[in-house]
Structures are given as structure tokens and as C-alpha cells.
Amino acid sequence: MVRVSGAPQDVARRLREGMAAGVLSFPLTAFHEDGTLDREGCRAHVADRLAAAPGALFPACGTGEFFSLDEDEYRQVVTVAVEEAAGRVPVVAGTGYGWAQAARFARIAEEAGADALLVLPHYLVAAPQDGLVAQLEHLAARTRLPLIAYQRDQVAYTVESLRHIAGIPNVIGLKDGHSDLDRLQRLTLAAPEGFLFFNGAATAEVQARAYTAVGVPAYSSAVHAFAPEIAGAFRTALRAGDDDTADRLLRGFYVPFVELRDRVPGYAVSLVKAAARLRGARVGPVRAPLADPSAADLAALKDLLAAGLDLVGAAL
């Protein structure tokens, strides 16, 4: 399947419209109990996410365990997302590692019909600013798809670097996972008009108001992967300026969820997948090097999820 998307500005426009309409959904990748890819589990999960009206789909990214997928599995995951979305929302696939390997995944995403790519941080090494810029330049030269840079961990752009990458014709935005709001404000002020910014903090809702204050209202929601009722209620409250409801959800669900997430490395994905299973989703376990939650943490997650759903009038 080859379906080359429109020009970068057209994809950016569709994403901007989606960002205004709903949260950005990062689907899980479903595996069988033996660790093999469950393609139909992926399809069912993506269909359920689409039914909850996200602004865009981001398959095979961090929450979707991109780092654990081989190229054939990646092709299947992205293809399923494109097929299920059927043009209703933009599909932004993850890519990453060094630029040479990222370009291989980019070609697969392009062939599968993805609309754009989220460029995950490169592997292992720290790099100077000119190297970070060159990484995107090399990848951009090897794909027709628009790119969204993702700064977190060892990737953090300066204002000068942001100006450089924003000048690359098919780089359309930046997702931020550092939550350094001083730096982020400087970046948003330096960016050209129309350049997209996304709140990519872990459990982004906790910092959504702070990001909005520096001009970045759009955010990715891991909670949407297992409790779109909670994610939707929070976004509605945020957009309406309903601080009472937002605070109630933060106190009663989001902050305790973050505290549970922070107990064990990798729980940012493992807890999300476990919560989806608690709600009957066919997503299976995580792949090593991640590990599924302990029995005690799973019990705490179940209680917390039930409490959060109760806050929005839903049930486990």
C-alpha cells in the first residue's frame, strides 16, 4: 500500500485541526502471551481509540513500544493504523535510532500510508547541537513524509537549532518531553508562524495547564489508551476553564497515577498496557526490557483506575 500524503503544510493543517478537536492518541502495540505480534489485537485497540475521537493517531511510538519492533512488525502496526483511520485523522508513525535506520523505518511508514513521522530520540549517545540538526537533515532528505522532532532525554534543542530545523522544508513541528518551560517558551517565540508544538510530558495532563500558558495547548494522552472517558473529561474541563473538575481529576486520578508510574522504570508504558488489559483490551504483555507490573502494583492500579472512572461516571 502506497499512499503519499499531501504537502507538509497540508499535513500540518490537518494536525492543527486535530489538535483543536481532541487529544493525541498513542496506541499500544498488542502482543500475544508468547511475545509475538498480535495484529488483530492491534486492530481492535486502534478501532477502540478511534471510537473515542482523538485528534490524531501516533502508532509505533514510545507507548507503542517502537524500540521493541522489527521492521516487519512495524510495517504491520502502521498499516493497521492507516487502514483503521481510513483518512479520518492523521496517522503519525514513530521512527528513530540513527538517521540511517530511521530512514529505513520512514520508507516503511511511507509505503504503509502514514501521513507523517515522529522522530524519536536517537540511540544511546549524547550529541552536539549541530549533530542533532544534521540528524533531521539526513532523515528529511530521505523521506517525503513531514517530520515532527521529539526532544527528550539526550535531545534538547537550543533556540538557534530550533530555527535551523524549522527551516528544513518537511519538518513541521516539535514535541517536547523535557518540561523545561523557560526553554520551551523561548522555542515557541523563536519558531516561525504555523510551526506545531506538542506537550509530550509523561502523563501530560499533569502539566497541561502550564504548557498551555506558554502557548502549547496540544498534548499526547497515554490515559486515552485505556480510559478515554477520563482523558476526555479532563480535556473538556481544561478547555472550558473548569478548574474544579480539572483539579478533582488531577487529585483523584492523575497525580496518584504518576506516583505509581514513578515507582519502577518503564511503568510509563507497562502501567498503561496493564490498565488497558484491566478494561478488557486485547493488548497482551509488554516486551523485555520492559516488565509488567507486580501483583501489588497491579492491585493498586486497579483501585486507582476504578476511582478515576467513578469520578467521570464510568465503570471499570
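- Using modelled atom types, one side-chain atom of H45 and one backbone atom of L28 make a donor-acceptor pair closer than 3.5 Å.
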Would D242 and D244 count as a side chain to side chain contact (heavy atoms under 4.5 Å, CB included) here? Give the steps. CA-CA 6 Å; D242 182 356; D244 288 342; 3.8 Å; yes
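- Nearest heavy atom pair, residue G266 against residue L290, reads CA-CD2, 3.7 Å.
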With side-chain hydrogen bond (donor to acceptor under 3.5 Å, both in side chains) as the criterion, how do R261 and T203 come out once you've worked through the C-alpha distance, each side chain's angles and the decisive distance to 0.1 Å? CA-CA 9 Å; R261 182 201 70 200; T203 316; 2.6 Å; yes
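- A donor-acceptor contact closer than 3.5 angstrom is absent between the side chains of R209 and Y211.
- Relative to the ring axis of F198, K175 does not place its NZ or CZ within 45° and under 6.0 Å from the centre.
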Give the intermediate values and the outcome of side-chain hydrogen bond (donor to acceptor under 3.5 Å, both in side chains) for residues E65 and T29. CA-CA 7 Å; E65 299 180 74; T29 296; 6.0 Å; no
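- One hydrophobic cluster, built from ILVMFWY side chains closer than 4.5 Å, holds both V92 and V269.
- At a cut-off of 3.5 Å, with distance as the only test, no side-chain donor of E71 or Q76 sits close to an acceptor on the other residue.
- Of all heavy-atom pairs spanning L184 and V214, the tightest one is CD2-CG2, 4.1 Å.
- Residue pairs meeting the ring-ring contact (aromatic ring centres under 6.0 Å, His included) criterion with at least one member in residues 229-259, sequence neighbours excluded: F226-F257, F234-Y254, F253-F257.
- For the side chain to side chain contact (heavy atoms under 4.5 Å, CB included) test, residues two or more places apart in sequence or in another chain that qualify with R142 are W99, A103, H138.
- Put simply, V283 and F31 are part of two different groups of oily side chains (I, L, V, M, F, W, Y) that touch within less than 4.5 Å, one to the next.
- For R279, the salt bridge (Lys or Arg N to Asp or Glu O under 4.0 Å) partners at least two apart in sequence or on another chain are E229.
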Please tabulate, for side-chain N and O atoms in residues 298-316, each donor-acceptor pair with protein atoms closer than 3.5 Å (sequence neighbours left out).
none

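- The stretch residues 67-89 participates, sequence neighbours left out, in these ring-ring contact (aromatic ring centres under 6.0 Å, His included) pairs: F66-Y74, Y74-F105.
- Between V89 and P54, the shortest heavy-atom contact is CG1-O, 3.6 Å.
- Under the 3.5 Å distance criterion, the side-chain polar atoms of R88 are matched with a main-chain donor or acceptor of E84.
- Here the shortest heavy-atom pairing between A81 and V91 reads O-CG2, 4.0 Å.
- For the ring-ring contact (aromatic ring centres under 6.0 Å, His included) condition, no pair includes a residue of residues 262-303, sequence neighbours left out.
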